[in-house]
Amino acid sequence: MTAHYHVLGAKQFNRPELEELFESAIRMENREIWSTDPRYSGKVMTTLFFESSTRTRLSFESAMCRLGGKVIGTENAAQFSSTIKGETLEDTIRIVSGYSDVIVLRHTDIGAAERAAKVADVPIINAGDGAGEHPTQALLDLYSIRKECGRIDGLTIAMIGDLTYGRTVHSLSYMLTNYENIKILFVSPENVRIPTYVRHYLEEKGVSYAETDRFEDALTSADVLYQTRIQKERFPSIEEYRKAEGRYIINAEILERMRKDAIILHPLPRAGEIAPEVDDDPRAAYFRQARNGLYIRMALVEKCLQYEG
Ligand code: NCD
């Protein structure tokens with residue numbers, strides 16, 4: 001088996017590699033015509049999604065189409081694949097490897113992408129592994145921060161909401177360790193705090209962070225408010241979920257108290273934690289952020305395929 005450029009977790013990226021991807025994403029964004037590239041015309045991407053998705057799956061598929069490649073896949077792999085007959089993830093990946101040049105995998109289990117990469121004969125891109133990681137979301141989050149704020153170094157980023165089950169905050173925290181003088185403020189209800197292993201990684205890398213359950217602290221200090229959904233489907237019981245829901249809602253009143261030069265990001269989908277009245281405020285950057293996913297994924301898929309030669 002040959003070596004492939006897998007994208008499994010946020011820790012694998014260093015700063016020069018991130019910068020290279022961002023530059024490549026800018027080139028994708030500035031393309032006037034999305035012409036098909038002959039290098040990719042015969043290439044096939046498989047999107048294998050065991051959990052639901054709108055943005056991640058469709059932006060990967062659109063990215064591949066815009067690069068000139070083709071896409072096959074299943075958006076409900078848990079039901080519409082041989083998994084229902086008891087096939088292991090490893091076997092599914094072995095089979096799908098034979099049909100594809102790159103596999104984008106979203107799975108319910110932490111570590112699924114690593115397991116897939118061990119048996120795959122093509123690059124695996126982790127599009128979310130349960131409550132684990134979501135590295136390509138972190139890439140587009142950083143790309144968005146860089147575009148909106150003009151820099152990443154020196155910023156204070158408040159991550160708000162479900163920090164236990166929200167995989168995007170785990171990946172974003174890891175990736176931020178590549179930058180200088182970052183401050184992270186984790187704002188969450190007591191029962192969904194940022195996992196210890198994420199805090200340890202930040203400590204190891206010398207990134208300064210603080211934890212609080214007070215929304216107010218974020219409003220006055222943060223350059224970026226990274227709002228997240230309470231991941232209802234991942235809670236052990238509805239009672240636990242109830243303890244966490246509805247605590248931090250960005251609405252018109254919060255906008256008034258927020259810094260005038262701060263931005264609001266959200267990986268989306270939102271489930272009530274940002275009121276629709278916020279959408280027209282120039283600081284609401286989450287729809288622009290979702291669009292950036294397309295460019296960053298084009299850059300990433302190009303890199304995976306180039307590596308294959
Ligand atoms: C996130 C995810 O799936 O982890 N969404 C996304 O990829 N854009 C966040 C979420 O589901 O709440």
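Here the structure is a predicted model, which means the values were calculated and not measured. The basis for the numbers below is simple: all heavy atoms, side chains too, and nothing from hydrogens, waters or symmetry mates.
Between the side chain of His170 and the backbone N or O of Glu133 there is no donor-acceptor pair closer than 3.5 Å. The main-chain N or O of Ile296 is never found under 3.5 Å from a side-chain atom of Glu29 such that the two would form a donor-acceptor pair. Checking side-chain atoms of Ser62 against main-chain N and O of Ser59 turns up no donor-acceptor pair under 3.5 Å. Judged by distance alone, with hydrogens and angles left aside, the side-chain atoms of Glu148 form no donor-acceptor pair with the main-chain N or O of Ile264 at under 3.5 Å. No donor-acceptor distance shorter than 3.5 angstrom exists from the side chain of Asp129 to the backbone of Ala113, with no hydrogens or angles considered. A donor-acceptor distance shorter than 3.5 angstrom exists from the side chain of Thr88 to the backbone of Asp91, with no hydrogens or angles considered. Using a distance-only test at 3.5 Å, with no hydrogens or angles considered, no donor-acceptor pair links the side chain of Ser100 to the main chain of Ile103.
Looking only at atom types and distance, the side chain of His266 has no donor-acceptor partner in the side chain of Gln289 under 3.5 Å away. Using modelled atom types and a 3.5 Å distance limit, the side chains of Glu51 and Thr108 yield no donor-acceptor pair. Looking only at atom types and distance, the side chain of Thr168 has no donor-acceptor partner in the side chain of Gln137 under 3.5 Å away. Residues Arg115 and His107 have side chains that never bring a donor and an acceptor to within less than 3.5 angstrom of each other. No side-chain donor from either of Ser171 and Arg167 sits under 3.5 Å from a side-chain acceptor of the other. Between the side chains of Arg106 and Thr56, at least one donor-acceptor pair of N or O atoms lies under 3.5 Å. With no hydrogens or angles considered, no side-chain donor-acceptor pair links Asn251 and Glu277 at under 3.5 Å. Using modelled atom types and a 3.5 Å distance limit, the side chains of Tyr286 and Asp279 yield a donor-acceptor pair. Residues Asp162 and Thr228 bring no donor and acceptor atom of their side chains to less than 3.5 Å of each other. In the model, Glu61 has a side-chain atom that pairs as donor or acceptor with a side-chain atom of Thr47 under 3.5 Å.
Counting all heavy atoms, side chain and backbone alike, Lys303 lies closest to Glu20 at NZ-OE2, 3.7 Å. Taking both residues in full, the closest heavy atoms of Ala244 and Asn191 are given as CB-OD1, 3.7 Å, listed atom of the first, atom of the second, then distance. The nearest pair of heavy atoms linking Arg247 to Pro189 is NH1-CB, 3.6 Å. For Leu21 against Ala299, the heavy-atom pair with the smallest separation is O-CB, 3.8 Å. In terms of heavy atoms, Leu142 sits closest to Tyr179 at CD1-CE1, 3.8 Å. Contact record, Phe60 with Ala127: CE1-CB, 4.4 Å, taken as the closest heavy-atom pair.
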How far apart are the C-alpha atoms of Leu18 and Leu139, what are their side-chain angles, what is the distance that settles it, and do they pass the side-chain contact (heavy atoms from CB on, under 4.5 Å) test?
CA-CA 8 Å; Leu18 289 171; Leu139 287 172; 3.4 Å; yes
List the steps and the verdict of side-chain contact (heavy atoms from CB on, under 4.5 Å) for Leu176 and Leu202.
CA-CA 9 Å; Leu176 278 168; Leu202 296 176; over 6 Å; no
For the pair Val224 and Cys149, evaluate side-chain contact (heavy atoms from CB on, under 4.5 Å) and give the outcome as yes or no after the intermediate values.
CA-CA 9 Å; Val224 178; Cys149 304; 4.1 Å; yes
Apply ring-ring contact (aromatic ring centres under 6.0 Å, His included) to residues Phe235 and Tyr165 and explain how you reach the verdict.
CA-CA 8 Å; Phe235 279 76; Tyr165 303 113; 4.9 Å; yes
Could you walk me through whether Leu185 and Asp217 pass the side-chain contact (heavy atoms from CB on, under 4.5 Å) test, one step at a time?
CA-CA 8 Å; Leu185 183 61; Asp217 299 354; 4.0 Å; yes
Arg146 and Glu19: CA distance, side-chain angles, deciding distance, salt bridge (charged side-chain N to carboxylate O under 4.0 Å, His left out) verdict
CA-CA 10 Å; Arg146 190 178 180 267; Glu19 284 306 311; 2.8 Å; yes
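At least one side-chain heavy atom of Thr92 sits less than 4.5 Å from a side-chain heavy atom of Thr83. No side-chain heavy atom of Glu204 sits less than 4.5 Å from a side-chain heavy atom of Thr177.
Distance check, rounded to the nearest 0.5 Å: CD1 of Ile182 to CE of Met175 gives 13.0 Å. Here Phe49 contributes atom CZ and Leu105 contributes atom CG; the two are 8.0 Å apart, rounded to the nearest 0.5 Å. Atom OG in Ser188 sits 8.0 Å away from atom CD1 in Ile194 (nearest 0.5 Å). In this structure, CD1 in Ile263 is found 7.5 Å from OG in Ser144, a value given to the nearest 0.5 Å.
Ring orientation note: the planes of Tyr174 and Tyr201 are nearly perpendicular, at an angle over 60° on the 30°/60° scale.
Using a cutoff of 4.0 Å between basic side-chain nitrogens and carboxylate oxygens, Glu114 and Lys118 are not scored as salt-bridged. A salt bridge does not link Arg270 with Glu273: none of the charged nitrogens is closer than 4.0 Å to a carboxylate oxygen. A salt bridge does not link Arg151 with Asp153: none of the charged nitrogens is closer than 4.0 Å to a carboxylate oxygen. Between Glu211 and Arg199, at least one side-chain N (NZ, or NE/NH1/NH2) sits under 4.0 Å from a carboxylate O, which counts as a salt bridge. Checked for salt-bridge contact, Glu233 and Arg229 meet the test: a charged N lies under 4.0 Å from a carboxylate O. The residues Glu239 and Arg242 are annotated as not salt-bridged, no charged nitrogen and carboxylate oxygen being separated by less than 4.0 angstrom.
Connection of Leu305 to Tyr5 is established within a shared hydrophobic cluster, with ILVMFWY side chains joined at heavy-atom distances below 4.5 Å, either directly or through further cluster members. Linking Ile, Leu, Val, Met, Phe, Trp and Tyr residues whenever their side-chain heavy atoms come within less than 4.5 Å places Leu155 and Leu265 in a single cluster. Residues Met28 and Ile145 are members of one and the same hydrophobic cluster, defined by side-chain heavy-atom contacts under 4.5 angstrom among Ile, Leu, Val, Met, Phe, Trp and Tyr. Note: the hydrophobic cluster containing Ile124 also contains Phe50 (ILVMFWY, side chain heavy atoms under 4.5 Å, direct or indirect links). In terms of hydrophobic clustering, with Ile, Leu, Val, Met, Phe, Trp and Tyr side chains grouped at heavy-atom distances under 4.5 Å, Val169 and Leu268 are assigned to different clusters.
Among Arg27, Arg39, Arg297, Lys43, the one residue that satisfies the salt bridge (Lys or Arg N to Asp or Glu O under 4.0 Å) test with Glu302 is Arg39. The only option from Val301, Asp141, Leu300 that meets the side-chain contact (heavy atoms from CB on, under 4.5 Å) definition with Thr136 turns out to be Leu300.
Screening residues 179-190 for salt bridge (Lys or Arg N to Asp or Glu O under 4.0 Å) gives Glu190-Arg193 as the qualifying pairs, with residues at least two apart or on separate chains.
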